[in-house]
K.L.:
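For reference, the structure I am asking about is given below.
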Amino acid sequence: MEAAALLSPTATSRSPLPLLSTAPAAHRLHVLLPLSGRRRRLCLRSSPRPRVESATQEVGAASSGEWSGDAIRRRFLDFYAARGHKILPSSSLVPDDPTVFLTIAGMLQFKPIFLGKEPRRVPCATTSQKCIRTNDIENVGRTSRHQTFFEMLGNFSFGDYFKKEAITWAWELTTKEFGLPPERLWISVFQDDDEAFSIWHNEVGVPKERIKRLGEDDNFWTSGATGPCGPCSEIYYDFYPERGSSDADLGDDSRFIEFYNLVFMQYNKKDDGSLEPLKQKNIDTGMGLERMARILQKVPNNYETDLIFPIIEKAASMALVSYTTADDAMKTNLKIIGDHMRAVVYLISDGVIPSNIGRGYVVRRLIRRVVRTGRLIGIRGDGHGNSEGAFLPSLAEVAISLSTEIDPDVESRRKSILGELQREELRFVQTLERGEKLLDELLDEALSSAGNNGGKPCLSGKDVFLLYDTYGFPVEITAEIAGERGVIVDMKGFDMEMENQRKQSQAAHNVVKLSVGNETEIVKNRTPFYAESGGQVGDNGFLYVYGEEDAKQKAVIEINDVQKSLGNIFVHKGTIKQGSVEVGKEIDAAVDAKLRQGAKAHHTATHLLQSALKSIIGSETSQAGSLVAFDRLRFDFNFHRPLSEEELMKIESLVNQWVSSATHLETKVMDLQDAKNAGAIAMFGEKYGEQVRVVEVPGVSMELCGGTHVSNTAEIRGFKIISEQGIASGVRRIEAVAGDAFVEYVCARDNYMRCLCSSLKVKAEDVNGRVETILEELRTTRNEVSSLRSKIAVLKAASLANKATTIDNTRVVVENMGDVDADGLKSAAEYLVDTLEDPAAVILGSSPGDGKVSLVAAFSPGVVKMGIQAGKFVGGIAKLCGGGGGGKPNFAQAGGRKPENLPGALEKARDEIVAAISSKSS
């Protein structure tokens with residue numbers, strides 16, 4: 001990708017570059033490689049937590065006081081660094097792999113290397129990887145080890161060492177470094193892996209009775225239907241060795257916990273299911289940090305380790321309870337809060353903002369679960385004296401304080417994390433209160449109905465959808481609350497309601513012939529085109545296909561998008577303009593130089609914009625997304641309020657100042673850590689290798705970026721902000737133009753101004769003054785017209801006073817006043833109720849035009865004392881006209897959209913007011 005960015009924008013390439021494949025764009029079959037196999041098993045089993053009161057619970061030479069979570073992490077990384085492993089940073093929770101929703105394992109950042117799609121950068125590595133898994137969210141807090149956020153310690157070999165070293169080092173680390181008693185450790189191996197069994201027994205010395213052979217479901221890892229795979233071996237800790245080895249079941253969570261998994265990638269699985277040895281054998285391991293901390297710190301579950309428990313203690317103090325003396329239900333709720341708070345803090349830090357889609361919904365769901373759980377256990381207020389404040393920020397402060405050695409960037413993003421949590425919580429509390437009230441009513445009804453007919457109480461899918469669609473109440477919380485009251489939820493019915501709302505139809509899959517005019521995708525392994533990445537759109541241009549013998553042009557394909565697939569494969573999307581396409585022909589690839597220049601100008605302008613934002617509104621603001629197109633740029637950033645006009649002018653002015661300074665850009669390739677130390681800013685959502693490309697505007701901006709850029713800021717020509725708006729809670733968006741698009745924008749606005757000057761017959765500098773004068777004249781004229789209309793309405797009303805009917809000593813006027821507007825109707829009603837003797841009731845209606853209806857009700861004090869209220873009365877009448885409204889007991893206005901119903905509505909109003917007065921008088 002970076003190579004493409006460095007090519008001359010006018011360059012073309014002519015070489016026998018093979019077309020790896022062609023297919024109609026709408027009919028391409030994309031094969032994704034899911035993470036599958038044994039590695040997922042770490043978080044799947046569920047059973048009561050083990051007790052640690054056993055008299056035989058010992059953890060070797062080191063005391064539990066020495067083993068903080070940070071100390072365990074450091075010891076693991078240092079152990080493998082001393083054995084030649086490169087310590088690499090944790091990758092983002094937002095993975096680069098399109099087949100994976102969130103980072104769920106330590107090996108994810110190395111997956112392209114394991115699959116042979118990318119070359120290795122180092123022979124072996126070690127990491128502490130942040131991970132998120134939400135598939136077992138219902139077990140969080142209820143078992144001893146299920147978590148949504150966890151750290152996976154890992155050591156990896158890319159063809160450097162294999163089974164023997166992996167096993168012996170794992171044993172040395174576990175027994176020597178961490179001091180676990182060998183007699184408490186059990187081993188599992190794949191049933192056919194005699195080599196691993198032999199190493200564990202003959203070289204390490206583990207007794208045969210503590211080595212269990214397990215089947216393919218438990219101890220064989222695969223990357224998919226085909227591809228790299230291999231057996232794995234796991235280390236278990238025994239909480240109760242006194243129970244002996246006969247009939248021991250490693251799946252018994254009350255006795256054992258798996259804490260270290262070693263995967264031996266030694267085979268390639270072929271299409272027919274057969275296995276062939278890999279030329280390069282790899283090692284992929286994972287040790288659960290929280291699990292090892294639980295063992296070494298001698299606590300009954302992962303939540304009570306020092307990695308999570310400080311958050312639990314803070315939540316307990318805010319709920320005015322003691323965790324030590326709390327019952328099981330209270331402890332479960334506190335564990336949920338402790339776990340989820342870690343997850344949301346790291347997700348938001350990695351740029352995942354709460355929303356109703358994708359990863360954003362994961363964050364929103366976790367936040368809402370914490371809010372509801374906190375309120376359930378009695379947390380009220382922010383913990384600082386504000387009973388109406390949000391409590392999540394106080395808990396997040398603790399989670400952030402624990403983050404230093406996990407992810408140093410979290411601390412620098414403290415302000416934005418706390419702000420996002422506060423806004424999300426306060427907004428959800430309103431939804432929660434509305435939804436809980438209705439849900440309680442629906443659950444009462446379900447329980448009552450079940451009691452009457454003897455069935456099982458069930459909340460219908462329609463009701464669940466009503467809560468979700470109308471009240472914004474999350475279906476997961478609905479199910480959770482219903483479950484607490486013994487009511488099941490009809491999820492199939494809910495899914496049907498969702499499907500009915502979406503009304504999505506699947507596109508028909510037809511066979512398409514590749515000919516002139518057909519859209520297609522051309523796959524190549526080399527290209528001068530820039531493929532979409534880092535927010536920058538893919539290049540446009542043309543591919544020219546030539547014959548093998550005569551070198552004559554056989555086809556022309558207009559390319560309108562380029563995407564990068566796994567393993568440096570480039571997908572060129574376009575339309576066949578001429579001829580036909582075949583695999584293996586020579587190609588000329590020509591990039592549209594003008595469009596490329598537009599993208600370059602907008603990309604560099606985006607870097608300048610981010611620097612200007614940090615300078616003007618604060619360095620804590622950070623990028624939340626971007627689009628670099630040929631004709632515009634879009635920049636999303638985290639900020640809690642709209643920008644003022646003055647701030648926007650300062651930002652625009654500062655960027656243009658940097659543009660006019662004609663500064664040469666500098667690009668260099670350097671180590672990732674050196675780049676960060678130098679102050680380089682990382683692009684949102686991007687994954688970086690050990691070596692990164694740094695684009696610098698000296699003295700202004702330095703970012704990690706593989707995109708295309710101008711060589712000098714003067715090439716940008718000019719910068720203009722078009723709009724600034726909010727797109728989500730705490731996220732703002734700026735759209736702007738630069739380069740040729742800037743010139744076109746300014747010229748177009750200049751033309752508009754010329755036309756305006758011509759129409760107003762003033763100079764450009766006098767337009768504002770002239771427009772203000774015209775607006776003032778218009779306001780004055782409108783006021784005069786409104787005043788005249790009100791006077792006319794009052795004159796009409798004067799004639800209506802004589803038409804008033806008397807009902808039990810109450811004067812009543814119900815009339816249609818034609819096309820009188822709402823203000824005139826109000827004046828007429830006020831005049832009549834003041835003119836008529838008390839008690840009096842006035843109800844007037846009109847059709848002022850444009851399909852509108854106006855209604856007004858004015859009641860004197862005597863009528864109000866009867867208990868007849870204008871607001872309630874007029875609202876019911878307005879519904880007959882397709883509208884609504886209300887107001888005070890003595891005066892109310894309403895509107896509607898069905899003027900044809902007005903006569904009937906007024907007749908009903910007359911009948912109802914007469915009936916109401918008569919009933920009160922009698």
Side-chain angles (χ1 to χ4, degrees), residues 1-14 17 25 517 519-524 526-545 553 555-565 570-578 587-609 625-635 655 659 665 667 683 693 695 697 703 705-722 734-748:
M1 196 70 68
E2 293 173 2
L6 296 172
L7 286 174
S8 166
T10 58
T12 61
S13 67
R14 172 79 182 275
L17 299 178
E519 292 185 354
T520 188
E521 295 182 351
I522 308 297
V523 181
K524 298 177 61 180
R526 286 186 294 155
T527 183
F529 284 77
Y530 181 85
E532 181 178 326
S533 179
Q536 182 176 333
V537 299
D539 276 330
N540 287 190
F542 290 89
L543 294 180
Y544 303 97
V545 184
Q553 184 173 297
V556 177
I557 307 157
E558 184 176 10
I559 301 300
N560 51 43
D561 187 24
V562 182
Q563 298 287 330
K564 182 181 179 183
S565 186
F570 301 93
V571 182
H572 302 70
K573 302 180 180 183
T575 304
I576 300 174
K577 308 300 288 186
Q578 174 186 323
I587 288 179
D588 266 0
V591 175
D592 188 315
K594 180 176 174 61
L595 294 181
R596 167 74 75 84
Q597 183 63 24
K600 290 165 65 175
H602 284 108
H603 206 150
T604 305
T606 300
H607 286 208
L608 299 181
L609 172 59
S626 68
L627 169 69
V628 176
F630 307 124
D631 59 347
R632 71 191 189 284
L633 69 85
R634 187 178 72 212
F635 187 80
V655 172
V659 169
L665 274 70
T667 60
M683 290 284 285
R693 180 172 181 257
V695 177
V697 181
E703 296 192 22
C705 184
T708 62
H709 288 272
V710 298
S711 58
N712 188 292
T713 59
E715 294 177 41
I716 297 175
R717 304 177 71 182
F719 173 84
K720 183 68 179 175
I721 294 175
I722 297 174
I734 284 179
E735 294 195 23
V737 289
D740 288 349
F742 162 80
V743 176
E744 292 170 5
Y745 181 86
V746 171
C747 288

K.L.:
Grab the two heavy atoms, one from Ala738 and one from Ala601, that are nearest each other, plus how far apart they are.
P.N.:
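Heavy atoms only, the tightest pair is CB-O, 4.2 Å.
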K.L.:
Return yes if some donor-acceptor pair links the side-chain N/O of His602 with the main-chain N/O of Val737 below 3.5 Å, else return no.
P.N.:
no
K.L.:
As a quick check of understanding, evaluate side chain to side chain contact (heavy atoms under 4.5 Å, CB included) for Phe719 and Thr713, giving each step before the final call.
P.N.:
CA-CA 11 Å; Phe719 173 84; Thr713 59; over 6 Å; no
K.L.:
Would you call the rings of His603 and His709 parallel, tilted or perpendicular, taking 30° and 60° as the class edges?
P.N.:
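Answer is tilted, since the angle falls between 30° and 60°.
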K.L.:
Mind checking the CD-CG spacing from Glu532 to Asp561? Nearest 0.5 Å is all I need.
P.N.:
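Going from CD on Glu532 over to CG on Asp561, the span is 6.0 Å.
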K.L.:
Could you tell me whether the side chain of Asp539 reaches within less than 4.5 Å of the side chain of Ile559, counting heavy atoms only?
P.N.:
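The answer is no; the side chains never approach within 4.5 Å.
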K.L.:
Give the minimum heavy-atom separation between Tyr530 and Gly707, together with the two atoms involved.
P.N.:
OH-CA, 3.5 Å
K.L.:
Can you tell which of Arg596, Arg632, Lys594, Lys600 makes a salt bridge (charged side-chain N to carboxylate O under 4.0 Å, His left out) with Asp740?
P.N.:
Lys594
K.L.:
Where do Val556 and Phe542 come nearest, in terms of heavy atoms and distance?
P.N.:
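Answer, listing the atom of Val556 first, then Phe542: CG1-CD2, 3.8 Å.
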K.L.:
Indicate yes or no: at least one non-hydrogen side-chain atom of Ile716 is less than 4.5 angstrom from one of Val655.
P.N.:
no
K.L.:
Are Glu521 and Gln563 close enough, and set up right, to give a side chain to side chain contact (heavy atoms under 4.5 Å, CB included), and what steps lead you there?
P.N.:
CA-CA 10 Å; Glu521 295 182 351; Gln563 298 287 330; over 6 Å; no
K.L.:
So, do Phe635 and Ile721 sit near enough that their side-chain heavy atoms are less than 4.5 Å apart?
P.N.:
no
